Undergrad: 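Next up is a structure, given as structure tokens.
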Amino acid sequence: MQEKIYTTKKNGFIVLMIGLLLPLVGLAGVIAGGIKLDAGDDKNFGVVLLVVGIVLLTFGWIPLCGLRVLKPQEALVLTLFGQYKGTIREPGFYAVNPFCSSVNPAAKTKLAQSGETTTSSALKIATEATAISIDGSSKKISLKAMTLNNGRQKINDCLGNPVEIGIAVIWKVTDTAKAVFNVDNYKEYLSLQCDSALRNIVRIYPYDVSNNVDTTGDGQADEGSLRGSAEVVAERIKQEIQSKVSDAGLEIIEARITYLAYAPEIASVMLQRQQASAIIDARKMIVDGAVGMVEMALERLNENQLVELDEERKAAMVSNLLVVLCGNHDAQPIVNAGSLY
């Protein structure tokens, strides 16, 4: 179903005046008809005035039911006896068919917003991923960019390690007809698709860079990870969600990772692993630098011919230099005043 614009003019003030005048005219007709009947002259005209007045009093307010007020970035989907008549998108004061009804199945659904601090006493449907509260009764559809703040989820990465991750999705309604008629509740539908897309993407990546892991699907190992490739992961999550919600008339503007950490049950173990990896990398760098310095020292001694060293003396020198350069503490030198032999 495609969206179509409801063709009507912004004549709400005219209809409002008419709707207010008709009951007054009806009241005047009832009073005048009653006076005519009491006076006894021209009773037929009095009966006509009385009947017309009663009809106007009874049905004169009906045009007021078709008044609609729209603010900027709001839309109203109208149906008439079950048929989709169109959508009003422009702000203004409208008068539509009073028998048209506004449709918005997600009017009472409020998704958890990013940075939301107030709480409502209304009925809340809590899920692990998203908090949804039942509140409000407006049938207007907001066309503004809105934020879905998905709660933290526990998901296994490609190596099977449980991680906790949360995302914030910025979205808006682009086709009101699809949003209302193609899905039961477009807000709940978006929330469920965000959860599904998040799981589908996270399970492709490791938390940290790992060997022999292909995250792009090209058959080649790469260095993609949840922690190091946050922008790439967020873009893939956005594309995954967009592919699922296009039929619901929604556009995903942006998706961002708001929280990422190992699950509590393995967080301490993974921290020790990271520390060990960092220590090993640091030691490797120290050893590489020490070996280079020893080579440079030996080359300079040979070039300048300051001293001639046999193999045993070279080995002792190398050993002493490596101990000094690679040790965790300051070296305590021992001066040998005699010969090595």
Side-chain angles (χ1 to χ4, degrees), residues 1-12 62-63 65-113 122-125 127 129-150 169-198 200 237-255:
M1 178 174 290
Q2 296 294 327
E3 180 184 72
K4 58 182 179 180
I5 304 301
Y6 188 84
T7 55
T8 183
K9 297 181 180 179
K10 301 177 183 180
N11 52 4
I62 292 180
C65 297
L67 297 178
R68 301 288 189 274
V69 178
L70 281 183
K71 294 179 289 186
Q73 295 298 317
E74 286 184 344
L76 205 61
V77 177
L78 301 176
T79 60
L80 181 62
F81 303 122
Q83 293 185 349
Y84 172 55
K85 302 302 293 183
T87 300
I88 303 177
R89 277 181 168 266
E90 295 295 327
F93 189 19
Y94 293 88
V96 301
N97 190 325
F99 296 102
C100 282
S101 58
S102 305
V103 181
N104 183 6
K108 296 182 179 181
T109 303
K110 185 178 180 183
L111 297 177
Q113 299 294 311
L123 175 64
K124 291 186 177 180
I125 303 174
T127 63
T130 307
I132 303 174
S133 62
I134 306 301
D135 192 13
S137 58
S138 176
K139 296 295 184 180
K140 298 175 183 177
I141 298 176
S142 176
L143 302 179
K144 303 174 184 177
M146 294 175 284
T147 303
L148 168 61
N149 188 23
N150 238 31
V169 178
I170 302 176
W171 63 282
K172 67 178 181 179
V173 178
T174 55
D175 192 310
T176 57
K178 289 182 178 180
V180 171
F181 299 112
N182 283 8
V183 294
D184 182 58
N185 187 317
Y186 63 88
K187 291 183 179 179
E188 293 181 357
Y189 181 79
L190 172 64
S191 176
L192 293 175
Q193 294 302 328
C194 288
D195 297 343
S196 175
L198 184 61
N200 290 340
I237 292 174
K238 171 191 171 183
Q239 295 175 359
E240 180 77 8
I241 300 173
Q242 184 64 68
S243 66
K244 301 296 183 181
V245 301
S246 295
D247 290 339
L250 307 180
E251 178 187 354
I252 306 301
I253 302 175
E254 187 179 12

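Everything quoted here is computed from the prediction, not taken from an experiment.
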Undergrad: Under the side-chain contact (heavy atoms from CB on, under 4.5 Å) rule, what do I141 and V77 come out as? Steps first, then yes or no, please.
TA: CA-CA 8 Å; I141 298 176; V77 177; 3.6 Å; yes

Undergrad: Between S246 and Q242, do the side chains contain an N or O donor and an N or O acceptor separated by less than 3.5 Å?
TA: yes

Undergrad: Would you say that more than 12 heavy atoms from the other residues, nucleotides or ligands in this model lie under 6.0 Å from the NZ of K244, or not?
TA: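 At most 12 heavy atoms, drawn from other residues, nucleotides or ligands, come within 6.0 Å of this atom.
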
Undergrad: Do K10 and F93 have side chains that get closer than 4.5 Å, going by heavy atoms?
TA: no

Undergrad: If every non-hydrogen atom of L148 is compared with every non-hydrogen atom of C194, which pair is closest and at what distance?
TA: CD2-SG, 3.6 Å

Undergrad: If we ignore hydrogens and angles and just use 3.5 Å, is the side chain of K140 paired with the main-chain N or O of K71 as donor and acceptor?
TA: no

Undergrad: Does atom CG of N97 have more than 12 heavy-atom neighbours from other groups under 6.0 Å away?
TA: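 Yes - once you tally the heavy atoms of other residues, nucleotides and ligands closer than 6.0 Å, there are more than 12.
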
Undergrad: Indicate the atoms forming the closest heavy-atom contact of Q2 with D175, along with that distance.
TA: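 Smallest heavy-atom distance, with atoms named: OE1-OD2, 3.7 Å.
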
Undergrad: Could you walk me through whether E74 and K144 pass the side-chain contact (heavy atoms from CB on, under 4.5 Å) check?
TA: CA-CA 8 Å; E74 286 184 344; K144 303 174 184 177; 5.7 Å; no

Undergrad: From K238 NZ over to I253 CD1, what is the distance, rounded to the nearest 0.5 angstrom?
TA: 8.5 Å

Undergrad: Using 0.5 Å steps for rounding, measure from the CD atom of E240 to the CD atom of Q193.
TA: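 Interatomic distance, E240 CD to Q193 CD, rounded to 0.5 Å: 9.0 Å.
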
Undergrad: Would you tell me whether T176 and E3 have side-chain atoms, one donor and one acceptor, within less than 3.5 Å of each other?
TA: yes

